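These numbers were taken from a predicted model, which means no experiment stands behind them. Throughout, protein chains are lettered first and strands after them, A, B, ... in sequence-line order, and every chain is numbered starting at 1.
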Amino acid sequence: MEHYNMNLNLKVWRQKNSKTKGEFKMYRVENISSEMSFLEMFDVLNERLIEEGDDPIAFDHDCREGICGMCSMYIDGKPHGPWQGNTTCQLHMRAFKDGDTIVVEPWRANSFPVIKDLVVDRTAFDRIIQAGGYISVNTGNAVDGNALPINKNMADASFAAAMCIGCGACVAACKNSSAMLFLSAKVSHLALLPQGEPERKSRVLDMVAQMDKEGFGSCTNTGACEATCPKEISISYIAKLNNEYLCAGLTTE
Amino acid sequence: MTWKQMFTSSVGKKLIMGFTGLFLILFLIVHVSLNAFIWANDGGVMFNQGAHFMGSTVVPRILEIGLFLGIILHIVQGYMLESQNRKARGKVKYAVSYGNKGSKWYSRSMALLGTIILLFLIVHISHFWLPNRSHQGFLLGEEINLYQTMKEVFSNIWVVLVYVLSCISLGYHLAHGFQSAFRTLGVHNKKYNTMLTSIGYCFSIVISLAFALMPISFYLGWIQ
């Protein structure tokens with residue numbers, strides 16, 4: 001693909017902290033390479049803001065290779081920007097053309113309060129994981145490889161669920177701010193494996209209870225989460241979660 | 001886990017919506033089948049017999065109580081969920097909305113479509129159910145000619161338009177609700193989900209078209 005440079009207008013959400021009201025600010029960035037990542041473009045802008053004595057724009061990032069789940073920008077009406085199955089850090093500037101105006105907002109959900117600018121507090125996800133996203137194993141000698149036979153299809157389905165990086169794009173995309181795609185991936189990934197069997201029932205009940213405590217909405221199966229998920233987690237895992245919940249709810253005391 | 005805990009969590013509330021939704025879908029099948037008697041075009045003889053059976057036999061009357069409970073539960077739970085979901089979204093809205101890129105408009109508008117259906121139900125019940133039931137057996141004596149009532153009500157173009165618009169709302173509500181109910185109740189096999197989605201689309205088109213054709217048939221004089 002041909003390399004080109006572009007000038008862009010950025011409309012970015014600026015907010016000092018969770019207590020203050022935020023607002024959009026316009027920024028002009030020039031000579032942006034089409035081979036830069038979206039975050040590198042922000043780095044260029046922040047360098048300039050620092051040189052000019054302004055407050056740089058705060059945004060989350062870590063691995064910058066699409067596997068950690070830290071980056072979290074809502075770009076032009078879609079979490080992680082216009083590309084499919086992609087994180088913000090892997091979004092490249094060739095997705096845009098010269099003269100474009102790009103609107104960048106933080107995740108919007110009551111359970112994800114804005115900490116500063118584009119950074120939101122996603123520790124609610126950590127607490128949901130803590131509520132049941134584990135298995136019990138006896139410590140001691142390492143178990144022989146392949147001692148537990150696992151159906152290949154089940155292992156694949158479990159791995160597809162385990163792809164979830166917990167970025168929160170599903171919550172950001174959902175009109176109800178529901179965390180069900182995230183939760184269903186975490187529950188299914190363990191429920192599909194024999195290692196997850198001992199806590200199978202308590203896991204789903206405890207994690208749903210924690211999700212409710214955190215104030216996320218209910219799932220209405222609109223499919224916006226599936227359409228935006230950078231790891232393309234299927235919405236059928238939500239139905240799987242409902243199934244797990246129903247069975248556990250009916251059979252526990 | 002107690003029953004209360006089970007059905008008051010966010011997933012549990014949706015289970016109630018799914019169960020009542022499927023129950024109401026069963027009711028629609030009964031309703032549309034019985035009403036289809038008007039197309040026998042026999043001056044309402046068969047239709048009035050059906051109406052008499054439904055009003056004067058004990059089993060349908062008991063089921064009717066269940067139906068009202070189901071409708072009320074579906075409506076109340078639906079509004080409670082909608083208000084909770086709106087609260088979860090927070091005060092600040094996105095400047096650019098995700099819109100139809102990620103989901104269908106009617107899947108995001110179930111509460112609005114449901115409200116139109118609720119308003120329609122009030123009009124519909126006062127048109128037919130109230131005058132009919134109040135004359136059946138225990139209240140005001142002589143049973144009314146329900147077929148004749150339909151004919152009179154549907155001679156007004158505005159009433160016909162309200163009915164047709166409500167049927168369209170019902171169609172879209174079902175187009176999402178049918179398959180969503182099964183997902184909510186835990187059907188996660190993609191083979192079945194694909195099949196149920198297709199059946200749901202066919203069902204919502206057939207049901208809403210059949211219902212909409214009833215006032216139209218009377219208004220245009222297709223049946224006498």
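Within the 4.5 angstrom heavy-atom criterion, atoms from both the backbone and the side chain of Ser9(B) approach chain A. Only the backbone of Cys219(A) comes within less than 4.5 Å of a heavy atom in chain B; its side chain stays farther off. For a residue to count as touching a neighbouring chain, one of its non-hydrogen atoms must lie under 4.5 Å from one of that chain's; by this rule Tyr74(A) touches chain B with the side chain only. Residue Val114(A) does not touch chain B at all, counting heavy-atom pairs closer than 4.5 Å. For chain B, the nearby part of Phe24(A) is the side chain; its heavy atoms alone come within less than 4.5 Å.
Judged by distance alone, with hydrogens and angles left aside, the side-chain atoms of Gln84(B) form no donor-acceptor pair with the main-chain N or O of Ser218(A) at under 3.5 Å. Proximity of a side-chain donor or acceptor of Asp76(A) to a complementary backbone N or O of Val96(B) within less than 3.5 Å is not detected.
Using non-hydrogen atoms only and a strict 4.5 Å limit, no part of residues 155-169 of chain A faces chain B. Listed in order of number, the residues of residues 8-17 of chain A that approach chain B to under 4.5 Å between heavy atoms are Trp13(A).
The two atoms that bring Tyr94(B) and Ala172(A) nearest to each other are OH-O, 2.9 Å, heavy atoms only. Closest of all the heavy-atom pairs between Val187(B) and Ala239(A) is O-CB, 3.3 Å. Of all the heavy atoms in Ala88(B) and Gly217(A), the pair that sits closest is CB-N, 3.5 Å. Considering all non-hydrogen atoms of both residues, Gly186(B) and Asn243(A) come closest at O-ND2, 2.9 Å. Closest heavy-atom contact between Tyr245(A) and Met1(B): OH-CE, 3.9 Å. Nearest heavy-atom pair across Glu105(A) and Ala95(B) is OE1-N, 2.7 Å.
Side-chain contact check for Leu250(A) versus Trp3(B): some heavy-atom pair is nearer than 4.5 Å. Under the 4.5 Å side-chain criterion, counting only non-hydrogen atoms from C-beta, His188(B) is not in contact with Ser188(A).
Taken to the nearest 0.5 Å, the NZ atom of Lys175(A) stands 9.5 Å off from the CE atom of Met110(B). Taking NZ of Lys14(B) as the reference point, atom CD1 of Ile238(A) lies at 10.5 Å (rounded to 0.5 Å). A distance of 5.5 Å separates CD1 in Ile235(A) from CZ in Arg183(B), rounded to the nearest 0.5 Å.
Asp121(A) pairs by the salt bridge (Lys or Arg N to Asp or Glu O under 4.0 Å) definition with nothing, not counting sequence neighbours.
Atom CZ of Phe154(B) is surrounded by more than 12 heavy atoms from other residues, nucleotides or ligands within 6.0 Å.
Counted by atom type alone, Thr184(B) and Asn242(A) present zero donor-acceptor pairs between their side chains at under 3.5 Å.
Applying the salt bridge (charged side-chain N to carboxylate O under 4.0 Å, His left out) test to residues at least two apart or on different chains, the pairs with a partner in residues 85-113 of chain B are Glu82(B)-Arg86(B).
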